[in-house]
Amino acid sequence: MASSPTASLATQTDVLIVGAGPAGLTLAAGLTQLGVDHVLIERADAVQPGAKAAFVQPGALEYLDRVGVADRLVAAGIRGRHFSVHDGARTLLRGSYDNLDTPFPMMLLVSQQTTEEHLHRRLTELGGMVHRRHKLITFSPDFPGVTAAVAAPDGSVRAVYARYLIGADGVHSRVRSTAGIAFPGKTREQLFALADVRLEPGSASALLEDTTFFFSSEGMLLTSPLADGQHRVVASVPPGSKAPTAEETETLLATRGPRQGGPKVVEVITASTYHVQERVAERLSDGPVFLLGDAAHTHSPAGGQGMNTGIQGRRQLGLEAPCRAHRARP
């Protein structure tokens, strides 16, 4: 008889982590290193495609170094050494990361998908795993921890007792809502368009080699190189706008960017629009329940703080390990 989909799901654990995004995976890898028993569940059946977050900051790389992922991730991405602020082709500001007091003096340009893939691979190497297509239904206090109802892929439900429950399950966190923790804040009216594109070889201005903010009367534009020859384009757009096409992305670059003819977009890898939400949970813990990442706070993507603060969120759980702070810089 075929084994049950819940056969490998423990009914009792020290830590139950809900959500296998960057925050949940980083926490699970750290717990595995420390020998702490845990269960990590995730609704999706695989790492989701797309760039989403595209910048890993030095502080986050130091945390990823503690779980043995940083060097591999650096090798997979682009080492951003500078950022620029421009008015058309005129440079207003150019800053460097080279002198930061860190073993990772860079803004690493790499997709969230790649970051999650490396974290998942490392978790597996350490002996951990992700229980995919498993969904938290609810949980209730069971002193000193909680008992959670977890649905398996076949629809069956298993009770899992955990001393601690970690909600790393995103903006619409079931852990947070079930715990009755409010998520006050607001959604900004301003709409932004995002496109990850490939540009025609030779058509990209040298100004697009840095992560660059362009300011103009037409509106804000952010461009950044990504791995695999891609570029990210983010721009403020009128309410009601749809995900930008290749032609619309070219127009944004030509009217707000370098204004030197504008690069030719040959392929749109992914495109979307979004409203910025600015929300913070009224508390980050409730007894044995803790919130991490977007479940705890969400804000403007400016500065790339979302995924990075999620990765570093294990600090609030008291899970610290030494970083190789005195090694030679990569």
Side-chain angles (χ1 to χ4, degrees), residues 17 19-34 40 47-48 50-83 95-123 126 128 166 168-171 211 222 224-227 232 234 280 284 290-327 329-330:
I17 307 169
L25 286 167
T26 302
L27 175 60
L31 292 175
T32 305
Q33 282 184 320
L34 295 170
L40 173 59
V47 172
Q48 297 303 292
K52 294 178 281 186
F55 311 102
V56 185
Q57 298 173 349
L61 284 169
E62 291 181 14
Y63 270 77
L64 294 173
D65 189 41
R66 294 164 178 160
V67 295
V69 172
D71 286 343
R72 302 178 190 185
L73 204 56
V74 169
I78 296 176
R79 303 182 187 194
R81 297 294 191 183
H82 305 90
F83 70 92
S96 173
Y97 303 113
D98 289 342
N99 295 321
L100 294 178
D101 185 16
T102 171
F104 301 99
M106 68 188 76
M107 181 71 79
L108 184 65
L109 309 174
V110 65
S111 73
Q112 181 174 326
Q113 178 182 351
T114 300
T115 300
E116 290 186 21
E117 288 170 347
H118 279 275
L119 280 165
H120 182 265
R121 190 174 300 118
R122 179 59 176 156
L123 176 62
L126 291 168
I166 312 297
D169 49 345
V171 172
T211 297
L222 167 67
S224 180
L226 299 175
R232 169 158 291 189
V234 181
V280 179
L284 301 182
F290 291 81
L291 302 177
L292 288 181
D294 288 349
H297 40 71
T298 183
H299 38 74
S300 168
Q305 295 293 330
M307 181 182 72
N308 287 277
T309 54
I311 287 172
Q312 297 175 72
R314 47 185 265 176
R315 173 185 299 169
Q316 74 194 57
L317 303 179
L319 295 171
E320 296 291 339
C323 171
R324 294 174 288 169
H326 301 292
R327 69 177 184 165
R329 289 180 173 181

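On a predicted model such as this, the values are computed, not experimentally measured, just so you know.
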Q) Taking atom NE2 of His82 and atom CE of Met106, what is their separation to the nearest 0.5 Å? A) 12.5 Å
Q: Provide the closest heavy-atom pair for Leu40 versus Ala28 in the form atom of the first, atom of the second, distance.
A: CD2-CB, 3.8 Å
Q.
Restricting to side chain to side chain donor-acceptor pair (under 3.5 Å), what partner residues turn up for Asp169, sequence neighbours left out?
A. Ser173
Q: Look up atom CG in Leu292 and atom CD1 in Ile166, then write down how far apart they are to the nearest 0.5 Å.
A: 6.0 Å
**Q.** Gap between atom NE2 of His297 and atom OG1 of Thr309 - 0.5 Å precision
**A.** 4.5 Å
Q.
Any heavy-atom pair between the side chains of Leu109 and Pro225 that's under 4.5 Å?
A. yes
Q: For residues Asp65 and Phe104, determine if any side-chain heavy atom of one lies less than 4.5 Å from a side-chain heavy atom of the other.
A: yes
(Q) Ignoring hydrogens, what is the shortest heavy-atom contact between Gly30 and Val67? Give both atom names and the distance. (A) N-CG1, 3.8 Å
Q) Which heavy atom in Ala70 sits nearest to a heavy atom in Leu61, and how many Å separate them? A) CB-O, 3.5 Å
Q) If only atom types and distance count, is the side chain of Arg122 paired as donor or acceptor with the main-chain N or O of Ala29 below 3.5 Å? A) no
Q) Under the 3.5 angstrom rule, does the side chain of Gln33 hit a backbone N or O of Arg66 as a donor-acceptor pair? A) yes
Q: Give the minimum heavy-atom separation between Ala227 and Gly77, together with the two atoms involved.
A: CB-CA, 4.5 Å
Q: First locate atom CG of Asp98, then atom CZ of Arg79, and finally report the distance between them rounded to the nearest 0.5 Å.
A: 11.0 Å
Q: Provide the closest heavy-atom pair for Met307 versus Ala53 in the form atom of the first, atom of the second, distance.
A: CB-CB, 3.7 Å
Q: Calculate, to the nearest 0.5 Å, the distance between atoms OG1 and CG belonging to Thr26 and Leu31 respectively.
A: 11.0 Å
Q) Just by distance, do the side chain of Arg72 and the backbone of Leu119 share a donor-acceptor pair under 3.5 Å? A) no
Q.
I'd like to know if the side chain of Asn308 reaches the main chain of Phe55, judged simply by a donor and an acceptor atom lying under 3.5 Å from each other, with no hydrogens or angles considered.
A. yes
Q: Mind listing the closest non-hydrogen atom pair of Ala76 and Thr114 along with its distance?
A: CB-CG2, 4.1 Å
Q | Sequence-distant partners of Val171, side chain to side chain contact (heavy atoms under 4.5 Å, CB included), two or more places apart | A | Phe183, Gln277, Asp294, Thr298
Q. So how far is it from Leu64 CG to Gln57 CD, rounded to the nearest 0.5 Å?
A. 11.5 Å
